[in-house]
Enquirer: 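What follows is a single structure, and I will ask about it in a moment.
In what follows, chains are A, B, ... by sequence order, proteins preceding strands, each numbered from 1.
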There are 2 protein chains.
Amino acid sequence: MARAGLTPDRITLAAADLADEIGFDKVTLSALARGFGVKDASLYSHIKNLADLRTRVAALAGREVHERLAAAVAGRAGKDALTAFANTYRDFAQEHPGRYAATQIQIQLDASAFDTPEIRRAIETPYAMLRAYGLSEPDLTDAVRLLRATFHGYFQLEATGGFNHPRDTTASWNRTIDALHSLLENWPHS
Amino acid sequence: MARAGLTPDRITLAAADLADEIGFDKVTLSALARGFGVKDASLYSHIKNLADLRTRVAALAGREVHERLAAAVAGRAGKDALTAFANTYRDFAQEHPGRYAATQIQIQLDASAFDTPEIRRAIETPYAMLRAYGLSEPDLTDAVRLLRATFHGYFQLEATGGFNHPRDTTASWNRTIDALHSLLENWPHS
DNA sequence: GCATTTGCCTAGGACCACTAGGCAAAGTTA
DNA sequence: TAACTTTGCCTAGTGGTCCTAGGCAAATGC
């Protein structure tokens with residue numbers, strides 16, 4: 001019988017696309033196999049198990065979002081950079097909810113696995129942006145955490161319908177960026 | 001054969017406790033039934049299905065967290081109230097990760113179900129706190145959203161190990177509260 | 001053209017959510 | 001107390017999920 005031409009990358013990509021459609025946690029190996037016209041057991045020649053697949057999707061999504069963010073802030077600084085970063089991030093989360101959810105999973109790896117040049121670069125983008133605001137350690141790390149928390153929390157609440165007040169969420173979003181900008185400019189140094 | 005004395009409330013409570021132990025999304029009806037020394041089919045006399053149970057746990061957790069928050073901010077205002085609110089909320093999320101996760105699920109109810117006095121009161125607590133900062137609509141709603149997003153994002157990132165920088169997360173947390181306070185005091189009015 | 005590797009298969013186990021129908025314990029009424 | 005009703009937990013069974021073991025044929029290397 002003809003082969004389907006599966007590879008870890010093709011499976012990961014299909015899983016990411018399916019996650020964007022139906023939700024990251026609803027992606028099953030069975031459904032994925034059906035999409036390829038293949039039995040679910042066949043996938044195990046290419047991926048270790050479901051957790052492995054999820055980790056791969058998370059890595060893929062992480063690369064994609066980092067590429068976009070790096071491109072968005074390139075050559076910008078201050079509020080310009082912050083706005084570009086924030087809006088690019090939010091667009092990604094809205095256009096690719098499954099991929100975005102994947103980036104939030106707890107990756108079960110030993111600490112050394114986090115020390116790749118790729119992850120290093122991904123972490124560097126927001127740090128560089130905030131350094132341009134004149135922040136230095138430990139304020140820098142605190143501010144990065146505040147930014148990440150605020151963005152992530154906002155996307156999550158938007159995605160799960162947590163904002164049911166009639167006010168437009170995009171208007172609130174723009175005000176949030178304004179607020180964060182003025183906060184970063186007037187950061188209460190320790 | 002003797003009866004186990006199950007009720008919807010006892011099942012919900014057990015589910016919430018189990019969620020705190022093993023994680024909200026890992027709670028299964030089978031495991032819950034085993035805990036009661038009962039077959040899983042028996043639970044269906046008391047709850048409709050898994051989604052129903054999750055909704056009940058979410059409601060329970062929501063009541064609990066609101067009680068604590070309301071008690072924490074009672075009689076306080078300004079930074080005092082903000083700090084009490086933030087720390088109480090964070091403590092709850094850390095002590096009861098399963099219950100906290102439950103409060104974040106997308107509740108599938110028609111809009112009218114959201115209009116109970118209980119939910120109204122729960123929403124009112126942060127609004128009242130921010131009104132004391134001199135904010136009024138629409139800034140008020142924007143600020144509430146910013147607070148919720150920041151808190152939720154922070155808890156989530158802390159819980160999933162998103163902060164792997166060596167700096168102590170509690171130190172960053174205290175700085176975050178400082179930063180939010182100064183932001184609220186100097187809110188860029190529209 | 002033959003041997004090796006590799007990709008997808010069938011078969012099957014364990015766990016899960018959920019339904020249908022049965023029986024006995026608890027509650028109700030006289 | 002005795003009969004009737006309600007209700008709580010049961011067994012049995014379906015279909016979905018993840019995952020393993022072992023087989024066979026297609027692709028690859030010599």
Enquirer: For DNA chain D, determine which residues of residues 27-37 of chain A have any heavy atom closer than 4.0 angstrom to one of its atoms, and list them numerically.
Expert: A/T28, A/L29, A/S30, A/R34

Enquirer: Is there a path of hydrophobic side-chain contacts, each under 4.5 Å between heavy atoms of I/L/V/M/F/W/Y residues, joining A/L13 to A/L6?
Expert: no

Enquirer: For the side chain of A/Y44, counting heavy atoms from C-beta on, which of D/dC19, C/dA17, D/dC10 is nearest?
Expert: D/dC19

Enquirer: Can you tell me which nucleotide in D/dC18, C/dA20, C/dC8 comes closest to the side chain of B/A41?
Expert: C/dA20

Enquirer: Output yes when A/R131 and A/E124 qualify as a salt bridge under the 4.0 Å nitrogen-oxygen rule, no when they do not.
Expert: yes

Enquirer: Could you give the CZ-to-C1' distance, from A/R10 to C/dC8, as a whole number of Å?
Expert: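 Going from CZ in A/R10 over to C1' in C/dC8 covers 14 Å.
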
Enquirer: Using 30° and 60° as the class boundaries, would you call the ring planes of B/Y89 and B/Y100 parallel, tilted or perpendicular?
Expert: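 Correct class here is perpendicular.
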
Enquirer: Which of these nucleotides, C/dC18, D/dC19, C/dC8, is closest to any side-chain atom of A/V38?
Expert: C/dC8

Enquirer: I need the CG-P distance between B/L43 and D/dT7, as an integer number of Å.
Expert: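 In whole Å, D/dT7 P lies 18 Å from B/L43 CG.
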
Enquirer: Find the distance B/K39:NZ to C/dC18:P and express it as a whole number of Å.
Expert: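 Taking NZ of B/K39 and P of C/dC18, I get 18 Å after rounding.
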
Enquirer: Give a yes/no on whether any side-chain N or O of A/H46 is located under 4.0 angstrom from OP1 or OP2 of C/dT6.
Expert: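 No.
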
Enquirer: Hey, are B/R34 and B/D40 close enough for a salt bridge, meaning a charged N less than 4.0 Å from a carboxylate O?
Expert: no

Enquirer: Please report the distance, rounded to the nearest Å, between CG in A/D40 and C1' in C/dC8.
Expert: 12 Å

Enquirer: Taking atom types as modelled, find out whether A/R90 and A/T170 have a side-chain donor-acceptor pair closer than 3.5 angstrom.
Expert: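 Present: a donor and an acceptor within the cut-off.
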
Enquirer: Please report the distance, rounded to the nearest Å, between CG in B/L50 and C1' in C/dT19.
Expert: 16 Å

Enquirer: From C-beta outward on B/A4, which listed nucleotide comes closest to its side chain: D/dC19, D/dC9, D/dC10?
Expert: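 Nearest to the side-chain atoms of B/A4, counting from C-beta on, is D/dC9.
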
Enquirer: Rounded to whole Å, how long is the line connecting atom CG of A/D25 with atom P of D/dC18?
Expert: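 Distance, rounded to whole Å: 12 Å.
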
Enquirer: So, B/T160 versus B/Q156: side-chain donor-acceptor pair below 3.5 Å or not?
Expert: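 No.
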
Enquirer: When you measure from the side-chain N and O atoms of B/S42 to the phosphate of D/dC10, is any distance below 4.0 Å, counting only OP1 and OP2?
Expert: yes

Enquirer: Can you tell me how far C1' of D/dC18 sits from CG of A/L53, to the nearest Å?
Expert: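 My rounded result for the distance is 12 Å.
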
Enquirer: Distance from B/Y154 atom OH to A/R145 atom CZ, nearest 0.5 Å?
Expert: 5.5 Å

Enquirer: Just the rounded figure in Å: distance from C1' of C/dC16 to NZ of A/K26.
Expert: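 Taking atom C1' of C/dC16 as the reference, NZ of A/K26 is at 16 Å.
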
